[in-house]
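Scope of the values below: all heavy atoms of this structure, side chains included, with no hydrogens, waters or symmetry mates.
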Amino acid sequence: MKRFALLLASAAFASPAMAADVIAPEPPAPAPVAIQPVAPTITWTGLSLGVQAGATFGHNGDASFSSSNDPTLYNGNVGGDDTGNFIGGANIGYDYQFQNNVVLGAVADFNYINRKKDTSYTTPNGAEFSAQNKLNYLGTARARLGYAMDNILVYGTGGLAYGSVKNSVSTPSTTTGDFAGYTFSTDNEKKSVGYTAGAGVDVMATQNLSFGVEYLYTNLGKNTQTVTGTNGVNNVSFNSNSNKDLDFHTVWAKAAYHFN
């Protein structure tokens, strides 16, 4: 009986130790999953500030010389020399991109422009008239409508154009020749308003910085500069840029920062 009791006691103490030996170890914790950052989506919506620079080209129009008292002697057309092609300035704009990737916006720019036209006419007896028309600055206020292909925007644009034209003229000596006894006066238009239209391509190089190229046709309307002379009996006049509009083409490169 005593032996049986000892065996039971020994089994009671041994069972917990054996049970501990057969418990399986806990599995290791799973490795953390790396979260990939989501690339930002390009959007054209927002305010932008930028600069532009390029060149202008195209003919400003012919000049004419006429005499009210003797059309057969003093009438004629005169070709002019267009010089100065640089244009550059700054712009501000706002665009809104719709869910279908259509982009609607507005832009205003102001530019220094170095463009002038020199004309001259010499009468058969050697009296010379000359005039210069210089465009001092050019500004535009335009709408633009385009389509965005991710970071590329193709658009058309058009709106108001305005500028300041400085007119200067020299007249022949009135002591001898055809215009002895004549006195001359000038009539200058200093402000010009017209329209501009064109197209362009912008590329968003980063989330906020874009570069582009734009073409514009600008027409500032008639820029008539008239010089009149009289000797009290007969009248003559010299007109510069009276037959055609003051128009030209512009191609420039652009860069802008977008607050989007």
Side-chain angles (χ1 to χ4, degrees), residues 42 44 46-62 79-95 103-119 132-167 190-206 208-223 241 244-260:
I42 295 293
W44 293 91
L47 179 71
S48 64
L49 296 175
V51 294
Q52 65 277 339
T56 64
F57 57 95
H59 192 51
N60 279 345
D62 293 333
D81 294 326
D82 300 312
T83 59
N85 294 312
F86 175 78
I87 183 171
N91 68 78
I92 182 172
Y94 184 86
D95 293 306
V103 177
L104 179 63
V107 61
D109 59 60
F110 190 83
N111 308 276
Y112 164 80
I113 181 170
N114 179 25
R115 184 171 180 82
K116 62 183 179 179
K117 176 183 175 67
D118 295 303
T119 60
Q132 183 182 90
N133 311 102
K134 183 178 180 181
L135 187 58
N136 292 319
Y137 67 79
L138 177 71
T140 75
R142 298 174 276 128
R144 72 174 189 170
L145 178 65
Y147 185 80
M149 295 169 285
D150 193 21
N151 67 327
I152 300 176
L153 176 65
V154 180
Y155 63 90
T157 182
L160 176 73
Y162 59 94
S164 174
V165 181
K166 180 180 180 181
N167 294 324
K190 296 183 179 180
K191 303 296 180 183
S192 296
V193 178
Y195 67 90
T196 186
V201 178
D202 284 346
V203 177
M204 196 78 77
T206 69
N208 301 99
L209 186 63
S210 72
F211 299 94
V213 177
E214 188 174 71
Y215 160 79
L216 293 174
Y217 167 75
T218 303
N219 188 316
L220 295 177
K222 303 293 184 183
N223 179 43
N241 286 346
K244 295 184 179 180
D245 289 347
L246 175 60
D247 64 338
F248 51 90
H249 307 271
T250 301
V251 175
W252 55 25
K254 306 185 304 172
Y257 185 86
H258 298 257
F259 298 88
N260 50 14

Ile92 and Leu49: which non-hydrogen atoms are nearest, and at how many Å? CG1-CD2, 3.5 Å
Only counting residues at least two apart or in another chain, list the ones meeting side-chain contact (heavy atoms from CB on, under 4.5 Å) with Asp95. Val103, Arg144
Over all atoms of both residues, closest heavy-atom pair of Gly194 and Leu160: O-CD1, 3.5 Å
Between Gly146 and Leu153, the two heavy atoms sitting closest are C-CD1, 4.1 Å
Have a look at Leu135 and tell me which of Val165, Thr56, Ile87, Asn111 forms a side chain to side chain contact (heavy atoms under 4.5 Å, CB included) with it. Val165
Asn136: which residues meet the side-chain contact (heavy atoms from CB on, under 4.5 Å) condition with it, sequence neighbours left out? Lys134, Ser164, Lys166
Scanning both residues in full, the closest heavy-atom pair of Val213 with Tyr155 reads O-OH, 4.5 Å
Nearest heavy-atom approach of Leu138 to Thr218 is CD1-CG2, 4.3 Å
State which residues pass side-chain hydrogen bond (donor to acceptor under 3.5 Å, both in side chains) with Ser48; sequence neighbours excluded, sorted by chain then number. none
Got a donor-acceptor contact below 3.5 angstrom from the Trp44 side chain to the Asn151 backbone? no
Contacts of Lys254 meeting salt bridge (Lys or Arg N to Asp or Glu O under 4.0 Å) (sequence neighbours excluded), chain-then-number -> Asp202, Glu214
Which residues satisfy the side-chain hydrogen bond (donor to acceptor under 3.5 Å, both in side chains) test with Thr140, sequence neighbours excluded? Asp109, Arg142
Qualifying salt bridge (Lys or Arg N to Asp or Glu O under 4.0 Å) pairs with a residue from residues 155-164, counting only residues at least two apart or across chains: none
Applying ring-ring contact (aromatic ring centres under 6.0 Å, His included), can you list everything that pairs with Tyr112, at least two apart in sequence or on another chain? none
Who pairs with Tyr217 by side-chain contact (heavy atoms from CB on, under 4.5 Å), at least two apart in sequence or on another chain? Tyr195, Tyr215, Asn219, Asp247, His249
With sequence neighbours left out, the residues meeting ring-ring contact (aromatic ring centres under 6.0 Å, His included) with Trp252 are none
Run the numbers on Leu47 and His258 for side-chain contact (heavy atoms from CB on, under 4.5 Å), then give the verdict. CA-CA 6 Å; Leu47 179 71; His258 298 257; over 6 Å; no
Contacts of Tyr257 that satisfy ring-ring contact (aromatic ring centres under 6.0 Å, His included) - sequence neighbours left out: Phe259
List the residues meeting ring-ring contact (aromatic ring centres under 6.0 Å, His included) with Tyr147, not counting sequence neighbours, and say none if there are none. none
